[in-house]
Amino acid sequence: MTAKIIDGKSYAEGLRGRIAGHVQRLKAEHGITPGLAVVIVGYDPGSQIYVSQKAKQTVEVGMHSEKYELPEETPEADVLALVEKLNRDPAIHGILVQLPVPRHIDPNKIIATISPDKDVDCFTPASVGKLQIGLPGPVSCTPLGCLMLLRDTLGSLAGLNAVIVGRSNLVGKPMAQLLLRENCTVTVAHSRTRDLADVVRGADIVVAAVGRPEMIKGDWIKPGATVIDVGINRLPAPERGEGKTRIVGDVEFKAAAEQAGAITPVPGGVGPMTIACLLANTVTTASLINGLEPPKDLTP
Ligand code: NDP
């Protein structure tokens, strides 16, 4: 079997188009311009690129964007004060503090200060609780993106065996909640799981979120299964020139594509969905803050 390649880049492009339509409607019918504030502390080059991408795409879909670049040595109290100011700002519906933050700042304190109503990353305990019991609100961006790709590929997910490899708060755990809501039978595997190959072999859906290059082997994949590879791993690629790297996922792509029914590539699969879902979450929070029902196609 040769798998269908799930094109996250093109799905994300279509999603941004839909988001732009919702933003237009919110402006025209309710006078609301969804606003996203992104805060970055310090000079991590990877984070800088990511934050610039977020700000650019926010503007492209017609939203209001604010970017706060604070120097590395900014005291924790100043970051907390900025978050509190943004909590009160009616032009802002989503607040994202780019992690990691410098060592002298406690990320948990920052997260706890973000108003759950504006928590577009779905990091606060209140947002995590809402996700767990199925109340409306923002949903962790990467798992939301994975769910959209799965639904687009498979339609109904009810009754399917889903194996998630990885149990982080960022990906694995919220993914498990979302797939449970879809009526999948969910198994969450992790570093202490015995015979991971055997666990994965029983999966109709595999979501790999481990952070280990090509750890999930092609012959672990059940024929016809759908494979969502969240991993982003950078490997040296001397064939491309000195100091060059290439990005691979957590799944042995070529061999897995021989077995799977459908599979996401890395890059070009889940990656592009994450920022698009951040924008989707900002439309959701802007709607909820103003007492409107969020667009159904942007929520789980
Ligand atoms: P974490 O490091 O927080 O979690 C990794 C998980 O993998 C842990 O639960 C760990 O288990 C598990 N694990 C580690 N080794 C093994 C093993 N040998 N067998 C089984 N499970 C194992 O990573 P994240 O969830 O934050 O990210 C995972 C990957 O996804 C990374 O490559 C990251 O770069 C990528 N990512 C991509 C995004 C995107 O937009 N595409 C967004 C976010 C992340 P244990 O809990 O037991 O330690």
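All residue numbers refer to positions in the sequence shown, counting from 1.
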Task: Taking every non-hydrogen atom, the tightest pair across A209 and V230 - done: CB-CB, 4.0 Å
Open item on the list: Looking at every heavy atom in both P71 and V41, which two are closest together, and how far apart are they?
Closed with: O-CG1, 3.6 Å
Open item on the list: Do T226 and L150 have side chains that approach each other closer than 4.5 Å (heavy atoms only, starting at C-beta)?
Closed with: yes
Task: Nearest heavy-atom neighbours spanning I221 and Q259 - done: O-NE2, 3.0 Å
Open item on the list: So, taking the atom named CD1 in I228 and the one named CE in M273, what distance separates them when rounded to the nearest 0.5 Å?
Closed with: 9.5 Å
Open item on the list: Looking at N281 and V139, would you say the former's side chain and the latter's main chain have a donor-acceptor pair under 3.5 Å?
Closed with: yes
Task: Inter-residue atom distance K244.NZ - R234.CZ, 0.5 Å rounding - done: 11.0 Å
Open item on the list: Do L298 and V270 sit in one hydrophobic cluster, given that two such residues count as connected whenever their side-chain heavy atoms are within less than 4.5 Å of each other, even indirectly?
Closed with: yes
Task: Sub-4.5 Å side-chain heavy-atom contact between L82 and V39 - done: yes
Open item on the list: For the CG atom of D119 and the NZ atom of K130, what is their distance to the nearest 0.5 Å?
Closed with: 9.0 Å
Task: N/O donor-acceptor pair under 3.5 Å between D121 side chain and L96 backbone - done: no
Open item on the list: What I want to find out is whether R151 reaches E182 closely enough, with some N-O distance under 4.0 Å, to be called a salt bridge.
Closed with: yes
Open item on the list: Hydrophobic clustering (ILVMFWY, side-chain heavy atoms < 4.5 Å, transitive) - are L154 and I6 grouped together?
Closed with: yes
Open item on the list: Using only atom types and a distance under 3.5 Å, with no angle test, would you say the side chain of T193 pairs donor to acceptor with the backbone of L196?
Closed with: no
- [ ] For residues R246 and A237, report the shortest heavy-atom separation together with the two atoms involved.
- [x] N-CB, 3.9 Å
Open item on the list: Give me the atom names and distance for the closest heavy-atom approach of K67 to V51.
Closed with: CD-CG1, 3.7 Å
Open item on the list: For a 4.5 angstrom cut-off between non-hydrogen side-chain atoms, does L157 reach N183?
Closed with: no
Task: Polar side-chain atom of D89 near backbone of A91 as donor-acceptor pair, under 3.5 Å - done: yes
Task: K118 (side chain) donor-acceptor with N87 (main chain) under 3.5 angstrom - done: yes
TODO: Give the intermediate values and the outcome of side-chain contact (heavy atoms from CB on, under 4.5 Å) for residues K4 and T153.
DONE: CA-CA 9 Å; K4 173 191 169 217; T153 306; 4.3 Å; yes
Open item on the list: Within the structure provided, determine whether V120 and I114 are in side-chain contact (heavy-atom separation under 4.5 Å).
Closed with: no
Open item on the list: Looking at K9, I want to see if its NZ is surrounded by more than 12 non-hydrogen atoms of other residues, nucleotides or ligands under 6.0 Å.
Closed with: no
Task: Student check: side-chain heavy atoms of D297 and R18 closer than 4.5 Å - done: yes
Open item on the list: Between the side chains of K109 and E76, is the shortest nitrogen-to-carboxylate-oxygen separation below 4.0 Å, so that they form an ion pair?
Closed with: yes
Task: Candidates V23, I92, V59, T282 - the one meeting side-chain contact (heavy atoms from CB on, under 4.5 Å) with H64 - done: I92
Open item on the list: Side chains of T142 and T274 only: does a donor on one sit below 3.5 Å from an acceptor on the other?
Closed with: yes
Task: Heavy-atom check, side chain of R181 versus side chain of P300, under 4.5 Å - done: yes
- [ ] Determine, stepwise, if the pair Y50 / Q48 fulfils side-chain hydrogen bond (donor to acceptor under 3.5 Å, both in side chains).
- [x] CA-CA 5 Å; Y50 198 44; Q48 292 280 353; over 6 Å; no
Open item on the list: Given 3.5 Å as the limit, does a donor-acceptor pair link the side chain of N233 with the main chain of G249, or not?
Closed with: yes
Open item on the list: Could you check whether E60 pairs with K56 (Lys NZ or Arg NE/NH1/NH2 to Asp/Glu carboxylate O, under 4.0 Å)?
Closed with: yes
- [ ] Please check if any side-chain donor atom of H93 sits under 3.5 Å from a side-chain acceptor atom of D117, or the reverse.
- [x] no
Task: Path from L147 to V171 over hydrophobic side-chain contacts below 4.5 Å - done: yes
Open item on the list: Is any side-chain heavy atom of Q132 closer than 4.5 Å to one of Q177?
Closed with: yes
Task: Gap between atom CG of L15 and atom CD1 of I275 - 0.5 Å precision - done: 12.0 Å
Open item on the list: According to a hydrophobic-cluster definition based on side-chain heavy atoms being under 4.5 Å apart (Ile, Leu, Val, Met, Phe, Trp, Tyr only), do Y43 and Y68 belong together?
Closed with: no
- [ ] Return the minimal non-hydrogen interatomic distance between A286 and P34, and the atom names on each side.
- [x] CB-CB, 3.8 Å
TODO: Let me see the working for V83 and V97 under side-chain contact (heavy atoms from CB on, under 4.5 Å), right down to the final yes or no.
DONE: CA-CA 9 Å; V83 171; V97 180; 4.1 Å; yes
Open item on the list: Has T264 got a side-chain atom pairing as donor or acceptor with D229's backbone, closer than 3.5 angstrom?
Closed with: yes
- [ ] Please assess L70 against I40 for the test side-chain contact (heavy atoms from CB on, under 4.5 Å), listing each intermediate value before the final yes or no.
- [x] CA-CA 6 Å; L70 309 180; I40 179 165; over 6 Å; no
Open item on the list: Looking at I32, is its backbone amide N or carbonyl O close enough to the side chain of H30 to form a donor-acceptor pair, meaning the two atoms are under 3.5 Å apart?
Closed with: no
Task: Cationic N near anionic O, under 4.0 Å, E293 to K296 - done: yes
- [ ] Determine yes or no for a side-chain-to-main-chain donor-acceptor pair under 3.5 angstrom, with T124 supplying the side chain and S127 the backbone.
- [x] yes
- [ ] May I ask whether V186 and L149 are part of the same hydrophobic cluster, defined by side-chain heavy atoms of I, L, V, M, F, W, Y residues being less than 4.5 angstrom apart, directly or through others?
- [x] yes
Open item on the list: Quick one, Y11 with R16, criterion side-chain contact (heavy atoms from CB on, under 4.5 Å). Give me CA distance, side-chain angles, the key distance, then yes/no.
Closed with: CA-CA 9 Å; Y11 188 94; R16 286 196 299 274; over 6 Å; no
Open item on the list: I need the T285 OG1 to N290 CG distance, nearest 0.5 Å.
Closed with: 9.5 Å
Task: Rounded distance [0.5 Å steps], CD1 in I105 versus CD in E73 - done: 10.0 Å
Task: Side chain proximity check, N161 to T187, heavy atoms < 4.5 angstrom - done: no
Task: Donor-acceptor contact below 3.5 Å, side chain D250 vs main chain R212 - done: yes
